[in-house]
Peer 1: 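If you scroll down you'll find the structure; I have some questions about it.
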Amino acid sequence: MVTEQLEIERKFDVDPEFVVPDLAGLPAVARAAPPQTHDLVAVYLDTADLRLARARITLRRRTGGPDAGWHLKLPAGAARREVHAPLDAGAEEPPGELLALVAELLGGATPAPVVELRTRRVVTALSDDAGRELAELADDTVRSTTLPARPGEEPVERAWREVEVELVDGDESLLAAVGDRLVAAGARPSPRASKLATALGLPG
């Protein structure tokens, strides 16, 4: 079954020694849940000339964590539209329902693996006094391997740390408040919309 949601988040670059600040006292936040750790493996697929990535689109197969599956992320103004399909919708090949959404851009080309990401994710959920989850903060330590595009080339490896804040049932004022607190602690707003762009060295 294919599902869809609008992803509203902010991404920050941080140094390896960055300490996530206390998030108490933010608008409407009554509780920060104990952090939960997930080990994620994602394989990103694209054409040899990176048609999807250059259009700020990502197509990946991810295992580990609560949202394992196929994910297609498409630009939607300041947010991103995320379409999700379960892993059993396609063992190694992307589900047809997802490929149909980018068929015009692909122009008949078949997307293949271009990057593998391994992420240690530490998640903190922020809730109100009724227990409703408002936002999720993900502290990600990432290692990427960019696969060779041509025979004889060597894979390119990168490592970095970033923090993402994604709205669940909260509003933009909370997103801004969390962002302000992270920046005060030394985080820097990221110019890139995705981990794939970072792995590939793309500007956005």
Side-chain angles (χ1 to χ4, degrees), residues 7 9-18 20 37-75 80 82-96 98-123 138-164 166 186-204:
E7 179 183 75
E9 68 176 17
R10 291 189 182 180
K11 188 185 296 288
F12 299 86
D13 296 329
V14 298
D15 296 328
E17 65 274 12
F18 178 78
V20 175
T37 301
H38 305 288
D39 289 310
L40 313 174
V41 179
V43 176
Y44 287 77
L45 291 83
D46 207 333
T47 60
D49 57 359
L50 304 177
R51 294 177 200 177
L52 299 181
R54 297 187 189 283
R56 298 172 65 85
I57 295 170
T58 59
L59 173 63
R60 73 182 179 210
R61 181 183 188 275
R62 185 158 78 186
T63 56
D67 65 343
W70 287 97
H71 303 91
L72 176 68
K73 295 189 179 185
L74 305 154
R80 289 200 293 173
E82 180 175 338
V83 186
H84 179 273
L87 290 175
D88 59 11
E92 299 297 334
E93 300 296 326
L98 302 191
L99 291 178
L101 297 173
V102 290
E104 184 175 351
L105 182 59
L106 290 174
T110 301
V114 293
V115 167
E116 180 182 88
L117 290 184
R118 294 183 175 270
T119 302
R120 168 62 58 92
R121 168 166 287 184
V122 181
V123 177
D139 179 0
D140 291 344
T141 300
V142 188
R143 292 186 178 277
S144 71
T145 301
T146 300
L147 305 176
R150 300 174 183 84
E153 292 184 345
E154 294 295 323
V156 177
E157 297 189 351
R158 289 186 170 91
W160 70 93
R161 185 178 170 202
E162 65 182 44
V163 174
E164 298 176 352
E166 182 175 353
R188 305 173 298 278
S190 176
R192 293 170 294 278
S194 70
K195 290 180 176 64
L196 178 62
T198 303
L200 294 171
L202 297 176

Peer 1: Let me see the working for Val163 and Phe18 under side-chain contact (heavy atoms from CB on, under 4.5 Å), right down to the final yes or no.
Peer 2: CA-CA 10 Å; Val163 174; Phe18 178 78; 4.2 Å; yes
Peer 1: Give the intermediate values and the outcome of side-chain contact (heavy atoms from CB on, under 4.5 Å) for residues Lys73 and Leu52.
Peer 2: CA-CA 10 Å; Lys73 295 189 179 185; Leu52 299 181; over 6 Å; no
Peer 1: Keeping the roles fixed (side chain from Thr146, backbone from Ala199), state whether a donor-acceptor pair exists under 3.5 Å.
Peer 2: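 Checked: pair present.
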Peer 1: Output, in order, the C-alpha distance, side-chain angles, deciding distance and verdict of side-chain contact (heavy atoms from CB on, under 4.5 Å) for Leu87 and Arg61.
Peer 2: CA-CA 8 Å; Leu87 290 175; Arg61 181 183 188 275; 3.8 Å; yes
Peer 1: Is a side-chain donor or acceptor of Asp46 paired with a backbone partner of Val114 at a separation under 3.5 angstrom?
Peer 2: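 No: the side chain of Asp46 does not pair with the backbone of Val114.
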Peer 1: Check this for me, if you would: do Arg54 and Asp49 make a salt bridge, where the nitrogen-to-carboxylate-oxygen distance has to be below 4.0 angstrom?
Peer 2: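 No.
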Peer 1: Restricting to non-hydrogen atoms, name the atom on Glu154 and the atom on Pro148 that form the minimum distance, rounded to 0.1 Å.
Peer 2: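 Shortest heavy-atom contact: C-CG, 4.0 Å.
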Peer 1: Side chain of Arg51, backbone of Leu106: donor and acceptor closer than 3.5 Å?
Peer 2: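 Flag set: sc Arg51 to bb Leu106 pair under 3.5 Å.
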Peer 1: Around atom CD of Glu104, are there more than 12 heavy atoms from other residues, nucleotides or ligands closer than 6.0 Å?
Peer 2: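 No, CD of Glu104 has 12 or fewer neighbouring heavy atoms, counting only those of other groups under 6.0 Å.
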Peer 1: Quick one: are Glu93 and Leu45 in side-chain contact, heavy atoms under 4.5 Å?
Peer 2: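 Side-chain contact under 4.5 Å: no.
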Peer 1: With side chains defined as the heavy atoms from C-beta onward, is the minimum distance between Arg80 and Thr58 less than 4.5 Å?
Peer 2: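 Yes, their side chains come closer than 4.5 Å.
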Peer 1: Of all the heavy-atom pairs spanning Glu9 and Ala193, show the shortest one and how long it is.
Peer 2: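 Glu9 and Ala193 have their closest heavy atoms at OE2-O, 4.5 Å.
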Peer 1: Under 4.5 Å between any side-chain heavy atoms of Ser144 and Thr198, yes or no?
Peer 2: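 Counting from C-beta outward, Ser144 and Thr198 never come under 4.5 Å.
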Peer 1: Is there a donor-acceptor contact under 3.5 Å from the side chain of Thr119 to the main chain of Arg121?
Peer 2: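 No, because the side chain of Thr119 does not come within donor-acceptor range (under 3.5 Å) of the backbone of Arg121.
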Peer 1: Quick one: does Phe12's side chain get under 4.5 Å of Ser190's, heavy atoms only?
Peer 2: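 A side-chain contact is absent here, since even the closest heavy-atom pair is not under 4.5 Å.
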Peer 1: Any chance you could lay out the side-chain contact (heavy atoms from CB on, under 4.5 Å) test for Leu72 and Ile57, step after step, and finish with the verdict?
Peer 2: CA-CA 7 Å; Leu72 176 68; Ile57 295 170; 3.7 Å; yes
Peer 1: Between the side chains of Thr141 and Arg120, is a donor N or O closer than 3.5 angstrom to an acceptor N or O?
Peer 2: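 There is no such pair (donor and acceptor under 3.5 Å, judged by atom type) between the side chains of Thr141 and Arg120.
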Peer 1: Closer than 3.5 angstrom, by distance alone: can the side chain of Arg161 be matched with the main-chain N or O of Val14 as a donor-acceptor pair?
Peer 2: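 Looks like no, no N/O pair under 3.5 Å.
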Peer 1: I'd like to know if Glu164 and Lys195 make a salt bridge, using a cut-off of under 4.0 Å between side-chain N and carboxylate O.
Peer 2: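 Looking at Lys195 together with Glu164, the answer is yes, because their closest N to O distance falls below 4.0 Å.
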Peer 1: More than 12 non-hydrogen atoms from neighbouring residues, nucleotides or ligands closer than 6.0 Å to CZ on Arg143, yes or no?
Peer 2: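 Result for CZ/Arg143: open.
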Peer 1: NZ/Lys11 to CZ/Arg192 distance, rounded to the nearest 0.5 angstrom?
Peer 2: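 If I round to the nearest 0.5 Å, the distance is 9.0 Å.
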Peer 1: Is the shortest heavy-atom distance from the side chain of Glu7 to the side chain of Glu166 under 4.5 Å?
Peer 2: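 Of all side-chain heavy-atom pairs linking Glu166 with Glu7, at least one is under 4.5 Å.
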